[in-house]
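Indexing begins at 1, ligand by ligand and atom by atom, following the structure's order. Please read all numbers here as calculations on a predicted model, not as lab measurements. The residues of the chain are indexed from 1 along the displayed sequence.
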Amino acid sequence: MTIDGKAVAGESTFGVVNPATGEVFAQAPDCSKAQLDGVMDAAQRALRGWRKDEAKRRQTLLDCGEALKARVGEIAQVLTQEQGKPLAKAMEEVIGGVVWFQATAGLKIPVDVVSEGPDVRVEVRRKPYGIVGAITPWNFPLLLGIWKIAPALLAGNTIVVKPSPFTPLSTLKLGEILRDVVPAGVLNTISGGDQLGAWVSEHPAVRKISFTGSVATGKKVSIAAAPDLKRVTLELGGNDAAIVLGDVDPKQVAPKLFWGAFENCGQVCSAIKRLYVDEAIYAPLVEEMAKIARDVKVGNGLEQGVQLGPVNNRPQFQRVCELVEDAKKHGAKFVTGGARTGDRGYFFQPTLVTGISDGVRLVDEEQFGPALPIMPFRRVEDAIERANATHFGLSGSVWSRDVARATEIVSELECGTGWVNQHLAIRPDAPFGGCKWSGIGYENGPWGLAAFTELQTINVVKG
Ligand code: NAD
């Protein structure tokens with residue numbers, strides 16, 4: 001771990017499993033409660049100097065980007081081994097981290113002048129909260145950590161980052177790489193089980209929690225933060241619908257829809273999780289997608305040419321199997337896949353499901369894995385209603401040659417991001433967040449930076 005600028009071992013360790021083999025390949029430190037108190041003391045001490053010098057913070061983010069860029073290959077190897085994604089995708093994730101550091105370094109921390117007269121000046125400044133607790137999931141452990149680290153630090157906070165116990169190593173490696181770049185105590189990276197996340201959420205030194213993970217845990221974090229009135233940002237699960245109108249060319253959109261659903265083995269919060277297709281093109285589109293699914297190379301992410309790795313962990317793998325079995329019981333048809341593949345690791349065949357409708361778990365719940373239900377519709381109004389009939393509201397997309405009409409339709413979806421003729425286009429300069437149970441608050445761009453500041457009105461009588 002990196003605590004107060006130093007390498008620190010845990011009081012004990014826990015095993016990290018490579019999902020491609022199902023075997024423990026490394027030990028990670030298990031941060032004790034007493035150690036966590038020490039982390040918070042270090043983060044508190046570091047605040048005093050750090051919050052004062054904005055120019056230095058901005059330069060530090062640029063330096064973080066450079067330091068990470070120099071170690072892309074090394075950190076990507078670790079990421080593939082603990083997460084499962086193909087090495088090229090792991091490299092993309094690390095490079096994404098570099099881009100996010102650079103883009104965040106360019107954001108302004110504005111001072112708004114409300115009134116400027118001969119006698120009085122009223123201005124509004126953005127101030128850091130203090131210590132931020134950052135808790136991250138296992139699907140994009142490195143990038144989602146950097147989404148929090150970069151804006152939190154630019155705003156003048158110090159931060160304690162706790163990654164998922166399934167994927168702690170890339171975040172710990174990041175802490176190690178940045179140990180000489182960021183002043184001691186400003187960026188602390190620790191690891192442990194879910195209990196450590198609960199300790200961070202309720203720790204009295206923490207003033208803001210930035211959490212990415214499941215809805216169920218997000219609610220627990222919210223409850224833990226409430227007695228202390230900690231501020232929270234929650235980036236939670238999704239059950240994104242994509243609505244495909246009858247005027248598209250099935251062959252042309254099929255690859256985009258396929259990868260919008262199966263990127264990272266379907267383990268993306270804002271992946272396509274339900275596909276609604278105009279019945280006029282339903283059969284040809286399913287067939288085009290099936291061709292892609294049959295050709296995809298599934299395997300160990302360290303092997304050349306692999307496009308889809310395993311599901312990240314045993315509980316998630318079992319959940320995908322369970323949802324698929326439930327769909328089978330409800331009479332669903334499996335155009336491709338429908339079962340695990342290989343006898344070691346957590347590999348599952350890319351699975352396209354038809355003959356299924358709303359009301360079955362695979363449609364109603366977040367599957368977070370490589371199994372996609374594809375459902376026909378006759379009237380687009382019905383598709384919109386079905387897309388919105390959920391507690392989730394992360395993102396959604398509409399596909400059509402009529403861009404104006406698609407844009408109108410996407411604006412009717414109850415979700416934080418609406419895409420037209422694409423899915424999963426996430427950028428450092430646009431806000432990302434969810435409606436309803438998909439979250440509270442936003443990350444990225446000036447909105448994401450604002451989430452790590454609070455306002456101070458300074459009202460001055462001159463002379
Ligand atoms: P999870 O909720 O199980 O775990 C997330 C993190 O919370 C982990 O670090 C975990 O150790 C920690 N944690 C567990 N119990 C805790 C507690 N009681 N208090 C505090 N922390 C606790 O989620 P996961 O399975 O790691 O991730 C998958 C979920 O994350 C999916 O639902 C996915 O959609 C969501 N997700 C959302 C976004 C987004 O930006 N909206 C991005 C990626 C993933």
Strictly by modelled atom types, are Tyr346 and Asn18 linked by a side-chain donor-acceptor pair under 3.5 Å? no

Given Phe262, which of Leu352, Ile272, Ile292 fulfils the side chain to side chain contact (heavy atoms under 4.5 Å, CB included) condition? Leu352

Among non-hydrogen protein atoms, atom 44 (C) of ligand 1 lies closest to Asn139 ND2, 3.4 Å

Looking at non-hydrogen atoms alone, which of Pro137, Pro315, Ser438, Gly213 comes nearest to atom 29 (C) of ligand 1? Gly213

Do Thr2 and Arg179 get their side chains close enough for a donor-acceptor pair, meaning under 3.5 Å? yes

Answer yes or no: does an N/O atom from Glu366 fall short of 3.5 Å to an N/O atom of ligand 1? yes

Nearest-option assignment for atom 16 (C) of ligand 1, heavy atoms, candidates Val221, Thr217, Asp240: Thr217

Taking atom types as modelled, is there a side-chain donor on Ser395 or Asp240 under 3.5 Å from an acceptor on the other? yes

Heavy atoms, side chains only, cut-off 4.5 Å: are Leu308 and Phe348 in contact? no

At a non-hydrogen distance cut-off of under 4.0 Å, which region of Phe166 contacts ligand 1 (side chain, backbone, both, or neither)? neither

Quick one: side chains of residues 92-107, donor-acceptor pairs under 3.5 Å with protein atoms, not counting sequence neighbours, listed by atom name and distance.
from	atom 1	to	atom 2	distance (Å)
Glu92	OE1	Lys89	NZ	3.4
Glu93	OE1	Lys85	NZ	2.5
Glu93	OE2	Leu142	N	3.0
Glu93	OE2	Leu143	N	3.0
Trp100	NE1	Asn444	OD1	2.9
Thr104	OG1	Trp100	O	2.6

Within-shell test, Gly434 vs ligand 1, heavy atom, strictly < 4.0 Å: no

For Leu144, the ligand 1 atoms with a heavy-atom partner under 4.0 Å come out as 42 (C), 43 (C)

How about Lys148 and Ser210: does a side-chain donor come under 3.5 Å of a side-chain acceptor? yes

I need the atoms of ligand 1 closer than 4.0 Å to a non-hydrogen atom of Pro163, numbered in the order shown. 9 (O)

Quick note on ligand 1: atoms under 4.0 Å from a heavy atom of Lys220 include exactly 18 (N)

Shortest non-hydrogen contact from Pro86 to Gln307? CG-O, 3.5 Å

Ion pair Lys436/Glu414, N-O distance below 4.0 Å: yes

Lys273, any N or O under 3.5 Å of ligand 1 N or O: no

Test item, Phe211 contacting ligand 1 (heavy atom, 4.0 angstrom): yes

Judged by heavy atoms only, the candidate from Trp199, Trp138, Phe432 nearest atom 25 (O) of ligand 1 is Trp138

Looking only at protein heavy atoms, what sits closest to atom 9 (O) of ligand 1 is Thr136 O, 2.7 Å

Nearest protein heavy atom to atom 11 (O) of ligand 1, by residue and atom, and its distance? Asp194 OD1, 2.7 Å

